[in-house]
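For reference, the structure discussed in these notes is given below.
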Protein chains: 2
Amino acid sequence: MPESYRAYIRALHLFVDMDADHFEALMRGTYVQNFPPQVELISEGEPSDFLHVVLSGSVELTSTWNGRETTMATVRPISTFILAATIKDAPYLMAAKTLEKSRIALIPSSDVRAVFDTDHIFARAIVTELAQCYRSVIKSQKDLKLRTSLERLANYLLRQQDRVNGAAEFELQIEKRRLASFLGMTPENLSRALKGLQPYGVEVNGNQIRINDQADLLQFAKPTPLIDDYAS
Amino acid sequence: MPESYRAYIRALHLFVDMDADHFEALMRGTYVQNFPPQVELISEGEPSDFLHVVLSGSVELTSTWNGRETTMATVRPISTFILAATIKDAPYLMAAKTLEKSRIALIPSSDVRAVFDTDHIFARAIVTELAQCYRSVIKSQKDLKLRTSLERLANYLLRQQDRVNGAAEFELQIEKRRLASFLGMTPENLSRALKGLQPYGVEVNGNQIRINDQADLLQFAKPTPLIDDYAS
DNA sequence: GGAATTTCTTGATCTGAATCAAGCTGCCGG
DNA sequence: CCGGCAGCTTGATTCAGATCAAGAAATTCC
């Protein structure tokens with residue numbers, strides 16, 4: 001793989017502290033590839049041959065059942081996805097598709113498992129990452145089961161605002177129809193829900209969101225770190 | 001802790017292969033306690049001081065937000081819970097409450113983390129367990145987002161039937177109101193949903209469930225290992 | 001064993017959200 | 001510059017599921 005990407009991958013929590021030789025061993029089997037938009041990188045149910053790292057662009061994780069489809073997550077640089085399947089050597093539970101032109105690093109799953117067994121630091125990092133992922137899904141589950149769609153949307157917007165350090169105005173990072181699916185609603189309802197937040201000072205103009213009165217929205221959304229703090 | 005419980009704990013995937021000395025080290029700080037029903041073992045948001053192991057009885061994991069409460073899972077012997085919080089040394093995302101008289105082993109979180117750093121086999125087991133937990137939540141998330149409540153119930157019943165090796169008749173393991181909450185519906189609706197499955201050969205008598213025509217129910221429920229096989 | 005409490009069920013009604021059906025808007029390519 | 005097309009919005013309708021209300025069944029507790 002090109003030398004240039006190594007630094008980015010190395011900087012990930014998962015790899016930053018591990019032994020240099022072990023990292024090299026991982027990188028030897030790794031290759032980096034550019035994909036156009038809308039390419040299905042992996043399909044639900046397939047065996048998990050590679051740990052994927054998104055270096056640029058973005059990837060959508062979806063699941064389907066009985067003709068229905070839902071967006072489970074969107075992965076942005078620089079991060080990995082389908083770590084759990086890699087570790088367990090089990091089939092993917094989600095499909096992955098590029099949303100835009102994306103650069104993806106593919107690390108052979110067998111190498112990840114092998115290095116795991118010889119590098120303590122790496123093992124520790126994987127456990128921390130997995131625990132993190134687990135907690136994120138639990139939070140998302142709580143969000144789904146305990147909140148109405150309007151409340152989910154309000155909290156989503158506040159989290160996005162957090163991402164831009166509290167700026168009153170910011171851009172949605174994903175298409176509305178995908179956001180709708182992620183939040184567990186239809187595009188029509190997302191449209192209406194965005195209107196429904198107007199009384200709390202939310203202005204929408206295309207992908208541009210403006211939160212006029214954060215305090216007002218906060219009072220409605222009632223965010224809690226036990227659901228909305230994806231970092232802890 | 002009493003010698004007698006060690007064997008049960010040792011038999012768990014998490015501990016079965018680890019070094020005997022390390023296991024002893026873990027057990028030294030561990031104590032076993034009996035709890036009456038309805039005791040809140042841990043509260044949402046608290047720091048995670050112990051890894052818990054249910055030795056007998058059962059424990060319900062719930063989450064609350066803004067006055068609403070939902071059942072996230074029920075833990076039965078012999079298994080652990082809140083492993084992720086223990087590993088990350090982060091606050092619990094769920095509360096845990098005994099449903100019946102239960103015997104619980106408490107392993108100090110700091111010991112778990114310490115042994116993790118010195119025992120490869122244990123580290124490997126923890127990673128496998130965490131990956132397993134992660135995948136279970138993802139499955140549960142798919143269940144929630146892709147299925148109607150009637151479909152969720154049908155698949156739940158089929159999974160329960162699986163647990164008893166396909167016997168046509170079996171008992172529900174939890175109270176109906178808790179099952180309702182777990183499945184993301186109200187008790188009233190669960191009642192109606194159970195009636196709604198009559199056309200597919202489901203008979204209900206208190207906690208006794210009879211599936212007269214499994215093929216018929218299967219055709220309606222359309223289970224898939226990518227959602228319903230909790231083992232993989 | 002019987003009163004009291006809780007859980008479960010059933011029916012009636014209400015509501016949030018999905019679906020259906022058009023328009024609208026903005027973007028891409030010729 | 002202007003079709004064509006995908007994504008978004010809006011309104012009307014339908015539907016699944018929640019809520020409200022009350023009665024029945026099962027448990028618990030004196």
Side-chain angles (χ1 to χ4, degrees), chain A residues 36-38 60 65-71 74 97 99-101 143-157 171-199 202-209 220, chain B residues 36-38 60 65-71 74 97-101 143-157 171-199 202-209 220-221:
Chain A
Q38 308 300 329
E60 184 185 35
W65 178 78
N66 197 25
R68 297 167 214 163
E69 171 165 347
T70 190
T71 298
T74 307
K97 188 177 75 190
L99 289 177
E100 31 184 329
K101 191 163 161 300
D143 193 43
L144 267 174
K145 289 186 80 174
L146 291 167
R147 290 173 172 161
T148 66
S149 59
L150 200 60
E151 289 163 345
R152 285 199 296 278
L153 175 61
N155 281 291
Y156 176 86
L157 292 180
E171 254 199 3
L172 290 179
Q173 297 287 287
I174 56 174
E175 278 174 284
K176 285 183 185 168
R177 67 200 182 95
R178 292 180 207 284
L179 175 57
S181 177
F182 174 68
L183 293 175
M185 50 175 136
T186 58
E188 293 97 319
N189 251 317
L190 174 59
S191 240
R192 285 186 265 265
L194 283 167
K195 288 227 163 133
L197 290 180
Q198 272 177 14
V202 175
E203 275 174 33
V204 183
N205 196 311
N207 279 336
Q208 211 66 24
I209 303 289
F220 170 73
Chain B
Q38 309 301 330
E60 183 185 35
W65 178 77
N66 197 26
R68 298 166 213 166
E69 171 166 347
T70 190
T71 297
T74 308
K97 189 177 73 189
T98 54
L99 289 177
E100 32 186 326
K101 190 162 163 301
D143 193 42
L144 267 174
K145 289 186 80 175
L146 291 167
R147 290 173 171 162
T148 65
S149 58
L150 200 59
E151 290 164 344
R152 285 200 295 279
L153 175 61
N155 280 292
Y156 176 85
L157 293 181
E171 255 199 3
L172 290 179
Q173 297 287 289
I174 56 174
E175 278 174 284
K176 285 183 185 168
R177 68 199 184 95
R178 291 180 207 283
L179 175 57
S181 177
F182 173 70
L183 292 175
M185 51 174 133
T186 57
E188 293 97 320
N189 251 317
L190 174 59
S191 241
R192 284 186 267 263
L194 283 167
K195 288 225 162 137
L197 290 179
Q198 272 177 13
V202 175
E203 275 175 35
V204 183
N205 197 313
N207 279 336
Q208 210 66 23
I209 303 287
F220 170 75

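Letters A, B, ... mirror the listed sequences (proteins, then strands); counts begin at 1. Owing to the predicted nature of the structure, the values given are computational and were not obtained by experimental measurement. Worth knowing before you read on, the calculation uses all heavy atoms, side chains too, and leaves out hydrogens, waters and symmetry mates.
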Give every donor-acceptor pair under 3.5 Å between a side-chain atom in residues 179-193 of chain A and any protein atom, sequence neighbours left out.
from, atom 1, to, atom 2, distance (Å)
A:Ser181, OG, A:Thr71, N, 2.8
A:Ser181, OG, A:Thr71, OG1, 3.4
A:Thr186, OG1, A:Asn189, N, 3.3

**Q.** Minimum heavy-atom distance B:Leu99-B:Pro37, with the two atoms named
**A.** O-CB, 3.7 Å
Q. Taking all non-hydrogen atoms of both residues, which atom of B:Leu146 and which atom of B:Glu151 are closest, and how far apart?
A. O-OE1, 4.2 Å
Q | Distance in Å, A:Thr70 OG1 paired with A:Trp65 CH2, rounded so as to fall on 0.5 Å steps | A | 13.0 Å
**Q.** B:Thr98 (side chain) donor-acceptor with B:Gln38 (main chain) under 3.5 angstrom
**A.** yes
**Q.** Along DNA chain C, first and last positions that approach a heavy atom of chain B under 4.0 Å
**A.** C:dT7 to C:dA12
Q) Roughly how bent is the helix from C:dG1-D:dC30 to C:dG30-D:dC1 end to end, in steps of 10 degrees, with each end axis from five pairs? A) 50°
(Q) What is the distance, to the nearest angstrom, from the CD atom on B:Glu100 to the P atom on D:dT27? (A) 14 Å
Check the interface with nucleotides 5-12 of chain D: list each N/O to N/O pair with the protein under 3.5 Å, or write none.
from, atom 1, to, atom 2, distance (Å)
D:dG7, OP1, A:Arg177, NE, 3.4
D:dG7, OP1, A:Arg177, NH2, 2.9
D:dC8, OP1, A:Lys176, N, 3.1
D:dC8, OP2, A:Arg177, N, 3.2
D:dT9, OP1, A:Lys176, NZ, 2.8
D:dT9, OP2, A:Ser191, OG, 2.7
D:dT9, O5', A:Ser191, OG, 2.9
D:dT10, OP1, A:Lys195, NZ, 2.4
D:dT10, OP2, A:Lys195, NZ, 2.2
D:dT10, O5', A:Lys195, NZ, 3.2
D:dG11, N7, A:Arg192, NH1, 3.1

Q) Any idea which heavy atoms bring B:Lys176 and B:Asn207 closest together, and the distance? A) CE-OD1, 4.3 Å
Q) Base, sugar-phosphate, or nothing: which does A:Gly184 touch, judged by heavy atoms less than 4.0 Å apart? A) sugar-phosphate
Q: Measure the spacing between CG of A:Leu172 and CD1 of A:Ile209 and express it to the nearest 0.5 Å.
A: 4.0 Å
Q) Backbone N or O of B:Asn205 within a donor-acceptor pair of the B:Gln208 side chain at under 3.5 Å? A) no
Q.
Could you check whether any side-chain heavy atom of A:Thr148 comes within less than 4.5 Å of a side-chain heavy atom of B:Arg68, counting everything from C-beta outward?
A. yes
Q: Supply the atom-to-atom distance A:Ile174 CD1 to A:Thr74 OG1, rounded to the nearest 0.5 angstrom.
A: 4.5 Å
**Q.** Of residues 144-152 of chain B, the positions that come close to DNA chain D - non-hydrogen atoms, cut-off under 4.0 Å
**A.** B:Thr148, B:Ser149
**Q.** Over all atoms of both residues, closest heavy-atom pair of A:Pro199 and A:Gly196
**A.** CD-O, 3.3 Å
Q: Look at the side chain of A:Arg152 and the backbone N and O of A:Arg147, then say whether any donor-acceptor pair between them is shorter than 3.5 Å.
A: yes
Filtered N/O pairs between nucleotides 28-30 of chain D and protein, under 3.5 Å:
none

Q | Minimum side-chain heavy-atom gap A:Leu150-A:Phe220 below 4.5 Å | A | yes
Q) Measuring from B:Glu100:CD to B:Glu60:CD, what's the distance to the nearest 0.5 Å? A) 11.5 Å
